[in-house]
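Sequence lines set the chain letters: A, B, ... in the order given, protein chains first and strands last, and positions in each chain run from 1. Remember, it's a predicted structure, so these values are computed and weren't measured experimentally.
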Amino acid sequence: METSPARGMKDYLPIEAALRDWMLGVILETYTSRGFQRIETPALENLDRLIGSGGGENEKLIFKVLKRGVKLEIAGADENTLADLGLRFDLTVPLARYWAHNQPKLPPVFRAIQIGPVWRAERPQRGRYRQFMQCDIDIVGEPSVLAEMELITVSVEAAARLGVRNPVLRFNDRRFLDSVLDWAGVPSEAGPAVLIALDKLDKIGPQGVLAEVARLELGEKASGNLARFLEESSASEELPMGFFAEIGLDEAVVADMVAIASLSACATLGGTKLVFDPTVIRGMGYYTGPIYELGVAELGFSIGGGGRYDEMLGRFGRPAPACGFSLGFERISLYLHEQGAHGAVGAPQVHLRISSPADYPIALAMADRAVARGVRASIEGTSKKLRAVIRHLLEEREGAVGAPGAWIAVVELSGADLKIHDVTGDCPELSWLRD
RNA sequence: GUGGCCGUAGCUCAGUGGUAGAGCAGGAGGUUGUGACCCUCCCGUCCCGGAUUCGAUUUCCGGCGGUCACCCCA
């Protein structure tokens, strides 16, 4: 019997789940301390809400759920009549529906936290799964760039508190990209293809991008202008104000970019670099303004990203400006794991071993006293070798996050006799176990 | 979804057309200085299915899973 999880999905060992719980706690604490409020939405949405939501390529990757109840008529039916629900592929579309449904009960400017699994039927790879957790924060009702500034600073703070070192936040603006395409003379129907080519700049280089653009046969003028744009397209901490002026970029867009760039002076950003990167595109079709991605040098993919999607909420009947930032939980967990964080939260620990059920009550009393002191306590029989138990305890402590290096003691208890094994070599006096 | 590589013990990996090995880990026991050392024994449908073959873990095909590159993205 095959026992591995379904393709692209994962089981988590206790030690892995503990790391995830710790991460979740840090993220929630960071977000709530900045005034964001947690909400929950269902994993399933009506299919017609997922399709046509502006999810771009992701709409092709929806896991569809068959109709249930009365017998399904399979023969001759297509998938659209057989399925009416789908697993969400992100948390933004559900949030838009949520806002439309609950807006009267929500604050005028709503700061939402949404943490949960999403599903995409992609071909799995490292750092890329078919079920993965996203940690979204969104601000609904704030039209100005203040919302982006808040999302970016808070998300970067969360990443820093998780132990992500030297991240880089690359930002761009959909309105700038539209403006570039317009200035270059790219017909609107060729826009998406040009953007896709542009997105590959870091992989295939300027020549590669130009080769792809040439294939689109946009004509001499547009190609030439795009080549000119590529010269200006190096990611940089300085905004190319001259180029902005040259293409006649709207002053309001320039002002927003200046505001975002100014965040590099903020304390909570710590060592995070903020760079303007004209090649940040992002696939979601629903973005309308600033867009951004958070990355680290060690990984070949981003650990977070987001943008403004002012038009999407209107699709659900209640128009409102909105933008969001999503942290990639699995990718950050992968990063932390590769940085050596293999373990659980390491609070001090007493492991009590008893050889007879008669000793359970007294062991329980000791465990209670330990717990009252903030010490984890577990009670177990002696069916396993002491050696194996100790080895496993030390293994779990290895690379622990939260309270790394906390002491561990194994206490063998038999009637009135206590034998204390100082597993970590630094455990304190445990006389309080008896009183 | 397309293409490449890969899939042998819990882990890291050898190996072979005649049903399999090492190191570490685990289990049972012995010794003991009982969290050390040493000793004995145990632990594998060689991913699944089909084909070729007297015979396949080893070749071929298909599937499943992983990984890398596309694509896209958290």
Side-chain angles (χ1 to χ4, degrees), chain A residues 1-11 13 15 20 23 27 55-62 88-92 114-137 155 158-159 162 164 167 170 192-193 195-200 202-204 208 212 280-287 291-296 299-307 324-335 342 351 353 355 382-395 408-412 414 419-425 427:
Chain A
M1 176 113 174
E2 176 59 50
T3 55
S4 63
R7 178 167 220 208
M9 312 209 175
K10 293 189 69 176
D11 288 335
L13 295 172
I15 201 170
R20 295 167 69 80
M23 289 175 61
I27 291 168
E57 291 288 314
N58 291 325
E59 292 181 21
K60 297 177 192 162
L61 306 173
I62 296 172
R88 61 187 178 198
F89 54 79
D90 73 6
L91 297 176
T92 306
Q114 226 193 146
I115 298 177
V118 304
W119 292 265
R120 292 178 197 173
E122 291 187 280
R123 188 142 173 183
Q125 244 178 76
R126 175 170 172 267
R128 177 187 218 182
Y129 311 105
R130 291 186 149 192
Q131 173 180 318
F132 59 97
M133 292 273 282
Q134 283 195 322
C135 303
D136 267 34
I137 47 174
S155 298
L162 287 170
V164 176
R170 294 148 58 232
L195 292 182
I196 287 170
L198 192 55
D199 195 26
K200 297 181 197 167
D202 57 333
K203 282 184 184 171
I204 61 179
E212 291 218 6
V280 169
I281 308 292
R282 301 190 59 75
M284 302 298 186
Y286 48 63
Y287 289 126
I291 45 182
Y292 27 80
E293 284 184 4
L294 189 64
V296 284
L299 298 177
F301 38 72
S302 70
I303 58 170
F325 199 121
S326 180
L327 285 180
F329 194 81
E330 315 300 338
R331 291 178 170 184
I332 293 175
S333 133
L334 181 68
Y335 166 85
H342 297 286
H351 188 73
R353 283 164 65 87
S355 49
T382 51
S383 62
K384 300 296 171 191
K385 280 185 177 168
L386 181 61
R387 185 170 70 109
V389 170
I390 288 176
R391 190 192 55 77
H392 196 76
L393 288 170
L394 284 172
E395 208 169 72
I408 299 173
V410 170
V411 178
E412 289 183 294
S414 179
K419 177 158 190 183
I420 296 174
H421 300 261
D422 182 352
V423 172
T424 48
C427 101

- [ ] Under the salt bridge (Lys or Arg N to Asp or Glu O under 4.0 Å) rule, collect the residues that match up with A/Lys60, sequence neighbours excluded.
- [x] A/Glu57

Polar pairs (N or O, both sides) under 3.5 Å between protein and nucleotides 27-34 of chain B?
none

Task: Counterpart residues, side-chain contact (heavy atoms from CB on, under 4.5 Å), relative to A/Glu122 (two or more places apart) - done: A/Leu61, A/Arg120, A/Arg128

- [ ] Tell me, please, which residues at least two apart from A/Pro192 pass side-chain contact (heavy atoms from CB on, under 4.5 Å).
- [x] none

TODO: Just jot down the side-chain hydrogen bond (donor to acceptor under 3.5 Å, both in side chains) partners of A/Glu412, sequence neighbours excluded, or say none.
DONE: A/His421

Open item on the list: Applying side-chain hydrogen bond (donor to acceptor under 3.5 Å, both in side chains), can you list everything that pairs with A/Arg7, at least two apart in sequence or on another chain?
Closed with: none

Open item on the list: Without decimals, in angstroms, what is the distance between A/Glu212 CD and B/C71 P?
Closed with: 7 Å

Task: Under the side-chain contact (heavy atoms from CB on, under 4.5 Å) test, residues paired with A/Ile204 that sit two or more places apart - done: A/Lys200, A/Val209, A/Glu212

Protein and nucleotides 2-4 of chain B: nitrogen or oxygen contacts under 3.5 angstrom:
residue: B/U2; atom: O4; partner: A/Arg123; partner atom: NH1; Å: 3.2
residue: B/G3; atom: O6; partner: A/Arg123; partner atom: NH2; Å: 3.2

- [ ] Write down the distance between CZ (A/Arg391) and P (B/G35), rounded to a whole number of angstrom.
- [x] 15 Å

Open item on the list: For RNA chain B, please output the secondary structure as dot-bracket, reading 5' to 3'. Pairs are Watson-Crick or G-U wobble, both atom distances under 3.5 Å; mark crossing pairs with [ ], other-strand partners with |, unpaired with a dot.
Closed with: (((((((..((((....[..)))).(((((.......)))))....(((((..]....))))))))))))....

Open item on the list: If you go through the side-chain atoms of A/Arg128, does one of them form a donor-acceptor pair with the base of B/C72 closer than 3.5 Å?
Closed with: yes

Open item on the list: According to salt bridge (Lys or Arg N to Asp or Glu O under 4.0 Å), who are the partners of A/Arg387, at least two apart in sequence or on a separate chain?
Closed with: none

Open item on the list: Distance check needed: B/A69 C1' versus A/Gln125 CD, whole Å only.
Closed with: 8 Å

- [ ] Between A/Met9 and A/Ile303, just flag the one whose closest nucleotide in RNA chain B comes earlier from the 5' side.
- [x] A/Met9

- [ ] Just jot down the ring-ring contact (aromatic ring centres under 6.0 Å, His included) partners of A/Tyr292, sequence neighbours excluded, or say none.
- [x] A/Phe325

Open item on the list: Could you work out, with side-chain contact (heavy atoms from CB on, under 4.5 Å) as the rule, every residue matching A/His392, not counting sequence neighbours?
Closed with: A/Glu395, A/Glu396

